[in-house]
Amino acid sequence: MKDQRLTEETLCSKKVYSGPVFDVYSDNVRLCSGSEARRDYLLHRGAVAIIPLDDEGNVIMERQFRYPHRRVLYEIPAGKLEAFDTDPLDAARRELLEETGVTAESIVHLGQYIPSPAILSEVIQVYLARGLTYGETCPDEDEFLEVERIPLGRLVDMIMANEISDGKTVFGILKTKLFLEREGGNG
C-alpha cells in the first residue's frame with residue numbers, strides 16, 4: 001500500500017497525564033526513514049456536532065463563553081462522547097436535546113472533522129438534523145449558553161467575514177450548504 005511508506009511505528013508509549021476529557025501521551029516512534037522521534041499527543045474519546053436546520057432554512061446556533069479564547073463564540077450544538085464505544089448518533093441526539101431542547105425526525109451523517117491531527121486524536125462526527133420538534137433544554141450544570149436561529153446563508157456570510165471561526169462549526173455549516181445544494185434544496 002502506498003501510505004505504508006509514510007507510517008510511523010510506535011516503539012514505546014507513556015501516559016503522562018490522565019484527565020476527564022483527554023489523556024496526554026509521549027511516545028517514541030520509528031520514522032519511515034528509520035530514525036527515531038518523539039510524538040506528544042492528546043488521546044480523546046471523540047465528539048459529535050449537529051446542525052439543526054428548521055423548515056425555514058434557519059440553523060439553531062449556540063453562543064457560549066470559551067475559556068481558552070476568553071470570548072463568546074458562535075457554535076453548532078456539540079459534545080464529547082461519554083466513552084470510546086459510545087454510539088455517535090445516540091450522542092448527537094442527546095446533545096441536541098440537552099443543549100437546544102430539540103429532537104429531530106431525520107439525522108444525516110455529513111462526515112467527520114479532525115480538529116488538530118498533529119497533536120489531538122479527537123474525531124468529531126458531524127450530523128445534519130431536520131424535521132425539528134421543540135421542547136425544554138437541560139444543559140449540564142456547568143454549561144451556560146444562549147440559543148438563537150440564524151439563516152444558513154447568513155451563517156455562511158458570517159464565516160466568510162471571520163465572525164464564526166470555530167472549526168467544527170465552519171466545517172458543519174459549509175458541508176450543510178453543499179449537501180443541500182447537491183440535494184437540490186435551497187442551500
Side-chain angles (χ1 to χ4, degrees), residues 3 7-8 10 13-27 39-54 59-69 72-148 155 164-176 178-180:
D3 289 343
T7 303
E8 299 175 358
T10 304
S13 181
K14 179 180 178 187
K15 186 188 298 188
V16 295
Y17 169 81
S18 185
V21 178
F22 58 81
D23 297 331
V24 179
Y25 283 82
S26 185
D27 293 2
R39 299 288 185 241
D40 296 331
Y41 65 97
L42 288 78
L43 182 65
H44 190 284
R45 291 186 298 271
V48 294
I50 311 96
I51 300 89
L53 183 69
D54 70 17
V59 176
I60 300 173
M61 294 291 292
E62 299 176 354
R63 288 175 16 94
Q64 66 180 308
F65 183 79
R66 290 304 194 177
Y67 186 79
H69 296 277
V72 174
L73 297 177
Y74 274 106
E75 298 178 51
I76 54 178
K80 65 183 178 306
L81 300 180
E82 299 298 326
F84 282 102
D85 62 351
T86 300
D87 181 304
L89 182 56
D90 290 343
R93 290 183 188 281
R94 180 196 72 231
E95 289 296 330
L96 183 61
L97 181 61
E98 284 178 6
E99 295 181 2
T100 67
V102 168
T103 56
E105 182 180 305
S106 158
I107 297 184
V108 176
H109 186 246
L110 293 177
Q112 54 180 237
Y113 172 68
I114 300 175
S116 188
I119 62 165
L120 178 62
S121 70
E122 180 181 33
V123 175
I124 302 173
Q125 302 299 330
V126 181
Y127 297 90
L128 170 62
R130 295 190 279 189
L132 308 182
T133 302
Y134 303 90
E136 293 297 315
T137 63
C138 50
D140 296 334
E141 66 181 40
D142 65 344
E143 193 170 42
F144 303 94
L145 50 90
E146 294 177 354
V147 175
E148 61 184 89
L155 290 171
I164 295 176
S165 52
D166 170 61
K168 70 184 176 306
T169 300
V170 171
F171 176 91
I173 295 299
L174 296 179
K175 278 279 269 226
T176 296
L178 290 171
F179 177 84
L180 294 175

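Worth knowing before you read on, the calculation uses all heavy atoms, side chains too, and leaves out hydrogens, waters and symmetry mates. In this text the structure is predicted, and so the values were computed from the model without any measurement. Numbering of residues begins at 1 and proceeds along the displayed sequence.
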Hey, which of Gln64, Arg63, Met61, Glu99 is the one that makes side-chain contact (heavy atoms from CB on, under 4.5 Å) with Glu75? Gln64

Residues two or more places apart in sequence or in another chain: which of them pass side-chain hydrogen bond (donor to acceptor under 3.5 Å, both in side chains) with Tyr74? Glu148

Kindly give the heavy-atom pair with the smallest separation between Gly172 and Leu110, and that separation in Å. O-CD1, 4.2 Å

CG of Leu73 to CG of Asp166, rounded to nearest 0.5 Å, is 6.5 Å

Do the side chains of Ile164 and Ile173 get nearer than 4.5 Å, heavy atoms only? no

Shortest non-hydrogen contact between Pro88 and Gln125, atoms and distance: CB-CG, 3.9 Å

Applying ring-ring contact (aromatic ring centres under 6.0 Å, His included) as the test, list every pair that has at least one member in residues 85-110; sequence neighbours left out. His109-Tyr127

Set out, in order, the CA-CA distance, both residues' side-chain angles and the distance that settles side chain to side chain contact (heavy atoms under 4.5 Å, CB included) for Glu105 and Thr133, then state yes or no. CA-CA 8 Å; Glu105 182 180 305; Thr133 302; over 6 Å; no

Can you tell me how far CD of Glu122 sits from CG of Leu43, rounded to the nearest 0.5 angstrom? 11.0 Å

Indicate yes or no for a side-chain donor-acceptor contact from Thr169 to the backbone of Ile76 under 3.5 Å, with no hydrogens or angles considered. yes

Given side chains that start at C-beta, do those of Thr103 and Leu96 come closer than 4.5 Å, heavy atoms only? no

Any side-chain heavy atom of Tyr134 sitting closer than 4.5 Å to one from Ile60? yes

Within a strict 4.5 Å, meaning less than it, do heavy atoms of the Lys80 and Val21 side chains meet? yes

Distance check, rounded to the nearest 0.5 Å: Ser121 atom OG versus Arg45 atom CZ? 10.5 Å

On a heavy-atom basis, which atom in Pro115 and which in Ile124 lie closest, and how many Å separate them? CG-CD1, 4.0 Å

How close do Leu145 and Val147 get, heavy atom to heavy atom, and via which atoms? CD1-CG2, 3.6 Å

Taking C-beta and beyond as the side chain, do Arg93 and Leu97 meet within less than 4.5 Å on heavy atoms? no

How many angstroms lie between atom OG1 of Thr176 and atom CD1 of Ile50, to the nearest 0.5 angstrom? 11.5 Å

Sequence-distant partners of Tyr17, side-chain hydrogen bond (donor to acceptor under 3.5 Å, both in side chains), two or more places apart: none

Nearest 0.5 Å, please: how far is NZ in Lys14 from CG in Asp40? 11.0 Å

When every non-hydrogen atom of Arg130 is compared with those of Ala104, the smallest separation belongs to O-CB, 3.6 Å

Interatomic distance, NE2@His44 vs OG@Ser116, rounded to 0.5 Å, equals 12.0 Å

Looking at Thr86 and Ala91, what are the two nearest heavy atoms and their distance? CG2-CB, 4.1 Å

CD1/Ile119: more than 12 non-hydrogen atoms of other groups inside 6.0 Å: no

Classify the ring geometry of Phe171 against Tyr113: parallel below 30°, tilted from 30° to 60°, perpendicular beyond 60°. tilted

